[in-house]
S.K.: 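Sending over a structure as C-alpha cells; questions will come in a sec.
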Amino acid sequence: MTLEAGYDVVVIGGGPAGSTAATCLARAGRRVVLFEREPFPRLHVGESLLPANLPLLDRIGVHPAIVERGFQVKYGATFSDQESQLEHTFYFARNKPWPYYAYQVPRAEFDTVLLDHARKQGVDVRQPATVETITLDGTGVTVSAEEHGQAVTLRARFLIDASGRDGFFASRLGRREAIPNLGKVALFAHFRGAERAPGRDEGNIRIHLFEDGWFWWIPFAGDTTSVGCVLHARTARGRGGPVEELFDEMVHRCRRVALGLGGAERITPVKRVANFSYVNRPRVGDRFLCVGDAIAFVDPIFSGGVYIAMQSAELAAEAVLPALADGRFEAARFASYERAVWRGIAPFFRMIHKYYEPAFLELFLKPRNYFGMEDAVLSVLAGGAFHRMPWRMWCGLELLFLLARVNVWVRRRAGLPVESRLEW
Ligand SMILES: Cc1cc2nc3c(=O)[nH]c(=O)nc-3n(C[C@H](O)[C@H](O)[C@H](O)COP(=O)(O)OP(=O)(O)OC[C@H]3O[C@@H](n4cnc5c(N)ncnc54)[C@H](O)[C@@H]3O)c2cc1C
C-alpha cells in the first residue's frame, strides 16, 4: 500500500458531475485526483440534454470535442397522453441566455469525452478504481481505494462526492430519504430501425404517457433510438419474470411506442433501475460537499439530470476555490452553494409533481402564452431555473399552477378524474 499526499481535492466518480467539478478545479490550477469505478465507455441512463447545458460545455472548454462527435441535435420535446389523446411539441425559444437546441447523447460516448477532457486539463484520473473508505479530520481527508487490484491510500485537503445514485457519503455517513410515489421502476434499451420524425423534429425527445406510466423516446444520430418506460407502482408491484417480458408488454400497451418500434430491432439487453427518487443528507460539511445525483434525484420526465449534475459541479468548484485559497473549509461557507443548487432544482421538483395531476397535464398539453405562461414552462424545460428568473416568468409559472388548481375544481364538477397519477 502507498500513501500519496499533496492533492487539493479528491473527487469520487467520473460521471458528468465529477468530470465537471474536477475540470473546473484543474483549470484554476488546483491538483485534483478523481476515482472512477467503471472502465469507460460504459452504458448509462440519462441521454437527453437541455439547452442550458450548452453554455456550460463552452465554459469548461469541452464543447468543440462534443460538436466533433456529431451528436443528434434536439430542438424540442413532444409530450402526448394516450388517455386524453392530447399532444403538444414545445420548441426551445430563441433569444435566451441558452441556445434553442440541445443534444441527444449516448452516455457511453458523452461521459468518455467529458472524462478525457478532465484528463487533458491535468486531472489525475484513476480508472477503474473504487473508493472504499474515507476519513475526514481537521487537516484533510484520507481516501482508501482499490485501483487495478492494488490498495491505494491518499490525502487531500477537500472531498467532492460525485458518486451518483450510489451516494457514497450519504450511504455510509448520512442518510437517503426516498421520495414517496416517484421513481418506481424504469426499463430501457436501445433499438435500431425505429421510426424517425421528419426534418427538424427528428431529434425531439418524445414523452408518451399511458395508463401504466410513461415512455421516453430519444433518437440518437444514425439509426439508434433509446426507448425506456417509467412505471407506476401498481404495474411494477409483484411482477417477477424476465424484464424483457414486462418491457415488451408495456410497449404493446402504449400504441405510439408500439407503432414506432414496429420494424425495429433491440440491440441492447433491457436494463432496469428501481427506486431512483431520493434526497440525500448531508450535502455539505466540513471539508466535503456533494454534487449531481449524490445530492438528489427526482424523476427524469423533464431530462434535467445531466444539466443539474454539471451545473451543481460548476457551482461547487466556485465555492471550493476560495476555500482552498483561504485554507478554511468549515461547512458554513458551503451553505450558499447548497442554497443555489436547491434554487435551481426546486422548479423541476414542483413541475414534476404537478405533471402527474390530470388537471395540470391538461393545461400543460394545451398551453397558452397568457402572461408569459408558455414561455415560463419552456424556460424550466430548457434548464433556465439556475438563472435568475425574471419576474414575468415567475408570475407566468405561478399563474399556471393557480389555473391548474381551478381546473381541479372544474374537472371534479364535470365528473372527470383528478387523482394524481403518482398514487397509481
Ligand atoms: C430512468 C432514468 C432516466 C433518465 N433520463 C435522463 C435524461 O434523459 N436526461 C438527463 O439529463 N438525465 C436523465 N437521468 C438522470 C441522469 O442519469 C443523472 O442525473 C446523471 O447521470 C447524474 O450524473 P452524476 O455525475 O451525478 O452521476 P453518474 O452519471 O451516475 O456518475 C457517477 C459515477 O460515480 C462512479 N462511482 C460510484 N461510486 C464510486 C466509488 N465508490 N468509487 C469510484 N467511482 C464511483 C460511478 O461508476 C459513476 O460513473 C435519468 C435517470 C434515470 C434514473
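Every number for a ligand or one of its atoms is a count from 1 in the order of the listing. Along the sequence shown, residues carry numbers from 1.
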S.K.: So, 4.0 Å and heavy atoms of R107: is ligand 1 close enough to count as a contact?
M.R.: yes

S.K.: Mind checking whether E36 has an N or O less than 3.5 Å away from an N or O of ligand 1?
M.R.: yes

S.K.: Can you tell me which residue and heavy atom of the protein come closest to atom 8 (O) of ligand 1, and the distance to 0.1 Å?
M.R.: S48 N, 3.4 Å

S.K.: Looking only at distances, can you tell me whether any N or O atom of G292, backbone or side chain, sits closer than 3.5 Å to an N or O atom of ligand 1?
M.R.: no

S.K.: Using heavy-atom distances only, which candidate in G304, G46, G15 approaches atom 7 (C) of ligand 1 most closely?
M.R.: G46

S.K.: Please identify which atoms of ligand 1 are closer than 4.0 Å to at least one heavy atom of A17.
M.R.: 24 (P), 25 (O), 26 (O)

S.K.: Between ligand 1 and R42, can you find any atom pair, the residue atom being a heavy atom, that is separated by under 4.0 Å?
M.R.: yes

S.K.: Please name all residues satisfying ring pair (Phe, Tyr, Trp, His ring centres under 6.0 Å) with W217, sequence neighbours left out, ordered by chain then number.
M.R.: none

S.K.: In terms of residue, atom name and distance, what is the protein heavy atom nearest to atom 17 (O) of ligand 1?
M.R.: V45 O, 2.8 Å

S.K.: From the options A186, C229, C290, select the one whose nearest heavy atom is closest to atom 1 (C) of ligand 1.
M.R.: A186

S.K.: Quick one: side chain to side chain donor-acceptor pair (under 3.5 Å) pairs with a partner in residues 40-54, sequence neighbours left out?
M.R.: R42-D111, E47-H190, E47-S226, S48-K74, S48-Q104

S.K.: Would you say ligand 1 has an N or O under 3.5 Å from any N or O of P300?
M.R.: no

S.K.: What is the closest protein heavy atom to atom 15 (C) of ligand 1, and at what distance does it sit?
M.R.: F297 CE1, 3.4 Å

S.K.: With heavy atoms of F276 as the reference, note each atom of ligand 1 found under 4.0 Å away.
M.R.: 53 (C)

S.K.: What do you reckon, does A129 put a non-hydrogen atom under 4.0 Å from ligand 1?
M.R.: yes

S.K.: Which atoms of ligand 1 are found less than 4.0 Å from any heavy atom of A309?
M.R.: 22 (C), 23 (O), 26 (O)

S.K.: Cation-pi check, R287 to F158: give yes when NZ or CZ is under 6.0 Å from the six-membered ring centre and within 45° of the ring axis, no otherwise.
M.R.: no

S.K.: Distance under 4.0 Å to a non-hydrogen atom of E38: what atoms of ligand 1 satisfy this?
M.R.: 47 (O)

S.K.: When the aromatic ring centroids of F220 and F71 are compared, is their separation below 6.0 Å?
M.R.: no

S.K.: Counting neighbours of CD on E265 that are heavy atoms of other residues, nucleotides or ligands and sit closer than 6.0 Å, is the number greater than 12?
M.R.: yes

S.K.: Between W98 and Y307, does the ring centroid distance fall short of 6.0 Å?
M.R.: no

